[in-house]
Amino acid sequence: MSESAEKPAVHNFIRNIIDGDNASQKWGGRVATRFPPEPNGYLHYGHAKSICLNFGLARDYGGACHMRFDDTNPEKEEQEYVDSILEAVRWLGFDWGEHQYYASDYFDRLYLFAEYLIEHGLAYVDSQNADQIRARRGNLTEPGQDSPYRNRTPDENLELFRRMKAGEFPDGTHVLRARIDMASPNLNLRDPVIYRIRHAEHHRTGNTWCIYPLYDYTHCISDALERVTHSICTLEFEDHRPLYDWVLDQLQPLIHWHPQQIEFARLNLTYVVLSKRKLIQLVESGTVSGWDDPRLPTLAGARRRGFTAAGFRLFTDRIGVSKSDTWIDMAVLEECMREDLNLAAQRRIAVLDPIRLVLDNYPQEQREECLAPNHPLHSEAGKRPVGLTRELWIEREDYQETPAKGFFRLYPGNRVRLRYAYVIECTGADYDAQGNLLCVHANLLPDTKSGTPGADSVKVKGNIHWLSINEAIEAEVRLYDRLFRVPHPGTSQDFMLDINPESLRVVQARLEPALAQALPEDRYQFERHGYFVADRRDHNPQQPVFNRTVGLKDTWVKTT
RNA sequence: AGGGGAGUCGCCAAGUGGUAAGGCAUCGGAUUUUGAUUCCGACAUUCGCAGGUUCGAUCCCUGCCUCCCCUGCCA
């Protein structure tokens, strides 16, 4: 992979905050961030932005970024997700060193802190059920009403809370609530629930607990216990910041550390959906082949698609970070991948839609080798021989019986260069009775072979790729395109109806023989087509399978 | 409607009381054995709107408009 030149970071509001903190010595020059996913699903492109942001800041400021799982909801979380998340973060090129944590690591302390809150009259056990709590919460304009249990004594609360922990009550019968203000205009401050009873097995703590803390209570304490300095999250948590601060303010005597929560705008990308609910629907409906389908905007899918970690990092730098809710065009991500791949990927030849070309003046038994550079930008990558014979495979779209305006490839009477070989002149084509193109004919112009003194004696505009019929191998090539055909799926109809019916086209292509030796996940540019990757699951030398990562820019199709 | 946020070029995004960075896209032109890449050039008299303060405002003040988020015992 190329080290896409990490250019000097541009200013953004988060860096400004950190610079200010460093100047004032607020944290003694420390910078500690964290990436805190819940292990209840697969990571997607949006997470890549957060990962690159958090780990990138830690790297740039000589700090650390903690990998922490927010695993407080046992019914939804699984080890499988933990594993896939760790793999994805590692794949993106980041290392958390020793700093791998779980909110569940803190269950004991979280519990003790809750008792402290109870003892100080800052939390109480509410015995209303969920509906009753909801009914008394009020709404956007009306204040809530106090729970009838709000004034239980600390002793009473403590006893109840301990019995909750001991498993004496069924799910939903009691909760622990922070005692803040039922009339607050911020709904999050209307005595938020901080513990609930869940007789469920947790993926790490098993059946040790039957009460589990909620996010608002857990996250801030976890940050503080880890001595995080800047707790970066997405915009929808802005309303939660007062609660984050409230909890840590109350616990100040016990924890002595109070990270700053900073919110940024999550990634919105055109032509895909990033909501967990919609991704699940795509997978479960069979619209895509699984969580790592190359069309899915998951990191597992991205990897299988051939996207690169460096491309994602470049993308994150390029789109910046701010608090404005914006949409990034998918073309930006694609261009970042091209930019990385152009430097990193060796070139190879593939004919995706083969049609036969016969060089009528070339002897049947003759064969000669032509040398093709492996990378035009890196001569040290060397050259490889490609065999030229009388009959070749060329791209069907490189021939037009009656050429469109501006078309400068093969048509009767026109000359083009067989890339890395000779200039040829087209003499016509054969068709079957139904008028289908069978094969194209041409004559080779001697003395025009690439690399020989007379090579440029004949000037041509067109330059096409080819493969010897005798030597090319067959392969399955999966041509992936955007999953949706509209920039904002689901705006005018159900998003499932906006699926691009041509998001995957599978073709039986011809490849140069060397490609059979490719290893899964090896990336190449198929010249004049785009970037492709050997499928990490299905590719093998006997049955090569390549996925199109992204096409080359093509100003010709754009003008036609 | 109550609370919390955001509005700077087609898309992102810096910036700041002193006269609008950069990237992507786009459009020209050069190079090119990938209609790719690379290169060179062009690209906001203007910062949501309306007032006000000021010698001077995108930046300060006032009012307005638009968009996003919030009524889980999810995160």
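Lettering follows sequence order; numbering is per chain, from 1. Keep in mind the model is a prediction, meaning the values are calculated, not measured.
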| field | A:Ile133, nearest nucleotide to its side chain (from B:U34, B:C12, B:C73) | value | B:C73

| field | Between B:U34 (P) and A:Gln525 (CD): distance, integer Å | value | 11 Å

| query | Would a line drawn from the ring center of A:Phe532 to the ring center of A:Tyr524 be shorter than 6.0 Å? | reply | no

| request: Check the distance between B:U31's C1' and A:Leu377's CG and give it to me in whole angstrom. | output: 14 Å

| Residue whose nearest RNA chain B nucleotide is more 5′ - A:Ser127 or A:Ala455 | A:Ala455

| said: Check A:Arg241 with A:Glu263, please: is the shortest side-chain N to carboxylate O separation under 4.0 Å? | reply: yes

| query | To the nearest Å, how far apart are A:Gln145 CD and B:U71 P? | reply | 19 Å

| Would you say the side chain of A:Arg190 and the base of B:U71 hold a donor-acceptor pair, judged only by whether the two atoms sit under 3.5 Å apart? | no

| request: With P as the reference atom in both, quote the distance from B:A25 to B:C11 in angstrom, rounded to an integer. | output: 15 Å

| field | Nearest-Å distance for atom pair CZ/P, residues A:Arg528 and B:G35 | value | 5 Å

| query | Is it the case that more than 12 heavy atoms not belonging to A:Arg152 sit under 6.0 Å from its CZ atom? | reply | yes

| Closest nucleotide among B:G2, B:C68, B:A36 to the A:Thr555 side chain | B:A36

| Pair of N/O donor and acceptor under 3.5 Å linking B:G35 base with A:Arg409 side chain | yes

| said: Just checking A:Tyr42 against A:Tyr81, ring centres under 6.0 Å apart? | reply: yes

| said: Nearest whole Å is fine: how far is B:G72 P from A:Phe237 CZ? | reply: 15 Å

| message | Regarding B:C12, can its base be found pairing with the side chain of A:Arg318 as donor and acceptor, where the two atoms are less than 3.5 Å apart? | response | no

| message | Suppose we call a contact any N or O donor and acceptor under 3.5 Å apart; does that hold for the side chain of A:Asn186 and the base of B:G4? | response | no

